[in-house]
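Here the structure comes first, spelled out in structure tokens, and everything after it is commentary.
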Amino acid sequence: MGLHPLEFSECYLDSPSFREKIKAHEAELDKTNRFIKELYKDGKNLINATKQLGMAQRKFAQCLGEFQFEYIGDAKTDDEKCIDESLQEFSSFLKNLEDQRELMMRNITETLMKPLEKFRKEQLGAVRAERKRYEKETEKYYSSLEKLLNMSAKKKEPQLQEADIQVETMRHQFQGESLDYVCKLQEIQERKKFECVEPMLAFFQTVFTFYHQGYELAKDFDHYKRALQINIQNTRSRFEGARSEVYELMKRIREAPQEYRQTSPISCEGYLYVQEKRPPPFGSSWVKRYCTFVKEQKILHMVTFDHRSGGKIGEKESITLKSCLRKTTDMLDRRFCLDLDITDRPGTVLTVQTLSEDDHKFWMQAMGGKEPIGHYLGRTLSKERGIDAQLDEVGLNFVKNSISAIETRGINDQGLYRVVGVSSKVQKLLSLMIDEKSNEVDLSTSEDWDVKTITSALKLYLRSLPEPLMTYGLYKEFISPAKGGSPESRIQAVHCLVHKLPERNRLVLGLLMKHLANVAAHSKQNLMTVANLGVVFGPTLMRPQEETVAAIMDLKFQNIVVEILIEHHEKIFADAPESCPLSPAAPVFSAPTRQSKKLGRQNRPLAVYNPQALDIQNVSAVGDYSSLTTEETSMGSNESVSSQSSSASASETPIEKTDHPPLGSSLSSGSNSRSPTVSEPALGASRENHPAASTAASEKEKPEEGVTSRKAKAVYPCEAEHDSELSFQVGAIFNAVTQSREPGWLEGELEGKRGLIPENYVEML
């Protein structure tokens, strides 16, 4: 388990566990700060001490290899896994360069030192300043609160009201500062992944420019660099989208904190001041304790915690409650008090003081009082926007009508579903189409509504349903396989879950996925790849019932589920699966690192797909895929994480066909489908040297000896280096394909010539 998400609602409870979570985040940022300082120092040594290059370089590599990023939540995306492993990859490269003694360090100040130092001073420095303000507000608030609670109830009402107003003002300032600090902590935790790694990527690009003897290493690194750049851009895009959701949630909580107070049917929690009686003549004292009341057992757990003593937690005490009575001010000169009759201490009454009138009502209701308190039940966009969207026959007809219009009029429009329509027009169209009296408009022929208005109206309809299309009940089950498992297990799990959906939900989802697959098939024109569509429709089709920071962190896994549905819609929606797995998804078989697949200089290098110059400084894409008026996603990659194949060992899974991302375009906000460290299968210099590529799947596809009717299709380009081999481009069709005696090779005919074909460069037809 990584760092715990810091829920905004916990800012209002300010519990000991919440403070411990904040400490963990602060410690991680301190570690990052120390790491960047050390990296900066080592970089200066590399520039200024060429004579000591070997020692400084090894230390630098060691520093990179030992550091690991922490993550928020219980799982990482494939992109985050690659980013986490990236520093170890960089470290390994540096060691190779040290062995060859050919490293020429030039211009690293601009590409490495300044960005890291800027991040440390501006971002981490801002966190330190925010931390000081937070600690200051904590001290001010709790001091004023104790002063208020010690005030006599016999004072004049105007004085009491004035004191209440002052403390309430302090509380708002403290809670506001707490919200800002928590948000800043989590923002920097996410931001550091790409802010720290991207300068390193630029640094390596510069190093290889001046490295003459490292030409082969530089070319080998190029594959990893491209994949990692996509990983970084994907993480950045997800960060931007999640950040907008987090700020929106923080805004709503700031406006109505009581609606978001964390409660449950079985327990409630918060601070109480407990009266501790002392023998005469010392009287009594009031000790602040964090209390958790378990309703079913009527057990009150109390922990002493003082925010001003460094957050030290005292011993835990538990009592069993018999009854709870309001303590009136004529009996005790303090407000908001309760008398608790304790079962395990007969005759003992424990007096506690709540923090405010609202808090008093809350505890009275929790412990058996009659005063009601509202609970947050979540929200739907339909209520906010006044749209009565239902998954009925009218809604189904609107979905079919919209899909028909989009495929007829705008299937090739650039940014389809990403470019949004005018909000007022979108709502007007949707209101018109879901009105039974006026929904006979044929959008395929009507010129009154442009394509972007129709796409936005379709998304708004799906978001405005009382329950998401993929239901609240199955949300966690859909998210679970996206967090781990092999590609096959992910597909199987999603296949099973789809057939647990209500019939009409499954019907509409199937229509939509078939349509989105058609949109993705035209991605060369509309630039909307499967990954981009996953970003757009993830939060539209899936959302949790309660909005929390932890749920927002799962947005990236929603995209993966939608990618699976689009890529495998024919299989998933055709028939129910024969059997469903009872156990959780199997662990992911990770692809090997680039180093493990590195070929010797005497071997044939990796085949390269139409390489183009890629300036990493110009790669940027900001996506906000949750807002109707600002919805954008970066575009370019045709790959998605859902179909990621493990090419670590060809004996485990067959290599799937995927398209290469166009290098000149913006990088996609989805994940790449192949292993992020290997862009293409390796091909040896000769039949004696090429890597073995026999797989369980390919064994099944082996033709019987003498069969000449099999055909195969090229999924990667290849240039022959021997007369016995065939040269071909992607899409070439081979006839009369048979298994070669050479392991890992096939024999086939292409344009009248028969020769050898790398087995992992083709798929059998």
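Heavy atoms only: backbone and side chains are in, while hydrogens, waters and symmetry mates are out. Note that the coordinates shown come from a computational prediction; the quantities given were computed from them, not determined experimentally.
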* To do: Mind running side chain to side chain contact (heavy atoms under 4.5 Å, CB included) on Phe18 and Leu13 for me, showing each step along the way?
  => CA-CA 8 Å; Phe18 174 63; Leu13 291 176; over 6 Å; no
* Side chains of Lys44 and Thr109 in contact at under 4.5 Å (non-hydrogen atoms) -> no
* Asked: Is a salt bridge present between Glu38 and Lys41, judged by a nitrogen-to-oxygen distance below 4.0 Å?
  -> no
* Asked: By side-chain hydrogen bond (donor to acceptor under 3.5 Å, both in side chains), which residues pair with Arg133, not counting sequence neighbours?
  -> Glu130
* Asked: What is the distance from atom CD of Gln229 to atom CD of Gln233, rounded to the nearest 0.5 Å?
  -> 8.5 Å
* To do: State, yes or no, whether a side-chain contact exists between Gln186 and Pro5 at a heavy-atom distance under 4.5 Å.
  => yes
* **Residue pair Met250 / Leu179: nearest heavy atoms and the distance that separates them** => SD-O, 3.8 Å
* Phe119 vs Arg191, side chain to side chain contact (heavy atoms under 4.5 Å, CB included): CA-CA, chis, key distance, verdict -> CA-CA 10 Å; Phe119 172 76; Arg191 180 187 292 275; 4.0 Å; yes
* Backbone N/O of Leu527 and side chain of Asn532: donor-acceptor pair under 3.5 Å -> yes
* Lys192: side-chain hydrogen bond (donor to acceptor under 3.5 Å, both in side chains) partners, not counting sequence neighbours -> Glu28, Thr32, Gln189
* Asked: Is there a side-chain contact between Val197 and Leu228, using heavy atoms and a 4.5 Å cut-off?
  -> yes
* To do: Show your reasoning for whether side chain to side chain contact (heavy atoms under 4.5 Å, CB included) applies to Met113 and Leu39.
  => CA-CA 9 Å; Met113 312 306 292; Leu39 203 61; over 6 Å; no
* Residues forming a side-chain hydrogen bond (donor to acceptor under 3.5 Å, both in side chains) with Lys136, sequence neighbours excluded -> none
* Can you sort out the partners of Tyr134 under ring-ring contact (aromatic ring centres under 6.0 Å, His included), two or more places apart, ordered by chain and number? => Tyr181
* To do: Spell out, as yes or no, whether a donor-acceptor pair under 3.5 Å connects the side chain of Asn234 to the backbone of Ile230.
  => yes
* **Heavy-atom side-chain contact between Glu195 and Lys118 under 4.5 Å** => no
* Just by distance, with hydrogens left out, do Gln62 and Glu66 show a side-chain donor and acceptor under 3.5 Å apart? -> yes
* **CD-SG distance between Glu85 and Cys82, expressed to the nearest 0.5 angstrom** => 6.0 Å
* To do: Please list, chain by chain and in numerical order, all residues satisfying side-chain contact (heavy atoms from CB on, under 4.5 Å) with Ser91, sequence neighbours excluded.
  => Ala61, Leu64, Lys95
* Asked: In Å, rounded to the nearest 0.5 Å, how long is the span from CD1 of Ile22 to NE2 of His4?
  -> 13.0 Å
* Structure fact -> Separation between OG1 (Thr111) and CG (Leu201), nearest 0.5 Å, reads 10.5 Å
* Just by modelled atom types, is the Lys476 backbone N or O under 3.5 Å from a matching donor or acceptor in the Ser480 side chain? -> no
* Is His25 reaching over with its side chain to a backbone N or O of Leu6, donor-acceptor style, under 3.5 angstrom? -> no
* Side-chain contact test, heavy atoms from C-beta onward, threshold under 4.5 Å: evaluate it for Phe239 versus Lys193 and give yes or no. => no
* To do: Heavy atoms only: give me the nearest Ala531-Glu563 pair and the separation to one decimal.
  => CA-OE2, 3.6 Å
* Closest non-hydrogen atom pair between Gly534 and Val562, with its separation -> CA-CG1, 4.0 Å
* Phe90 side, atom CZ; Phe60 side, atom CZ - distance, nearest 0.5 Å -> 10.0 Å
* Validation row: Pro758, Tyr716 side chains within 4.5 angstrom (heavy atoms) -> no
* Asked: Looking at NZ of Lys121 and CG of Leu116, how far apart are the two atoms once the value is rounded to the nearest 0.5 Å?
  -> 12.0 Å
* To do: Determine, for Glu117 against Arg120, whether the closest basic-nitrogen to carboxylate-oxygen distance falls under 4.0 angstrom.
  => yes
* Examine distances only and state if a side-chain atom of Ser489 and a backbone atom of Ser486 form a donor-acceptor pair shorter than 3.5 Å. => yes
* What are the two closest non-hydrogen atoms of Pro481 and Arg490, and how far apart are they? -> O-CG, 3.3 Å
* Within a strict 4.5 Å, meaning less than it, do heavy atoms of the Tyr761 and Val730 side chains meet? -> no
* Are the side chain of Glu137 and the backbone N or O of Glu177 linked by a donor-acceptor pair below 3.5 Å? -> no
* Student check: side-chain heavy atoms of Glu187 and Tyr247 closer than 4.5 Å -> yes
* Mind running side chain to side chain contact (heavy atoms under 4.5 Å, CB included) on Phe67 and Cys196 for me, showing each step along the way? => CA-CA 12 Å; Phe67 183 79; Cys196 291; over 6 Å; no
* For Ser178, side-chain hydrogen bond (donor to acceptor under 3.5 Å, both in side chains) partners two or more places apart -> none
* Is the count of non-hydrogen atoms from other residues, nucleotides or ligands lying under 6.0 Å from Lys31 atom NZ greater than 12? -> yes
* **Name of the residue among Lys21, Arg19, Arg131 meeting salt bridge (Lys or Arg N to Asp or Glu O under 4.0 Å) with Glu26** => Arg131
* Asked: Salt bridge between Arg34 and Asp30, side-chain N to carboxylate O under 4.0 Å?
  -> no
* To do: Please name the pair of heavy atoms, one in Gln88 and one in Gly65, separated by the smallest distance, quoted to 0.1 Å.
  => NE2-O, 3.0 Å
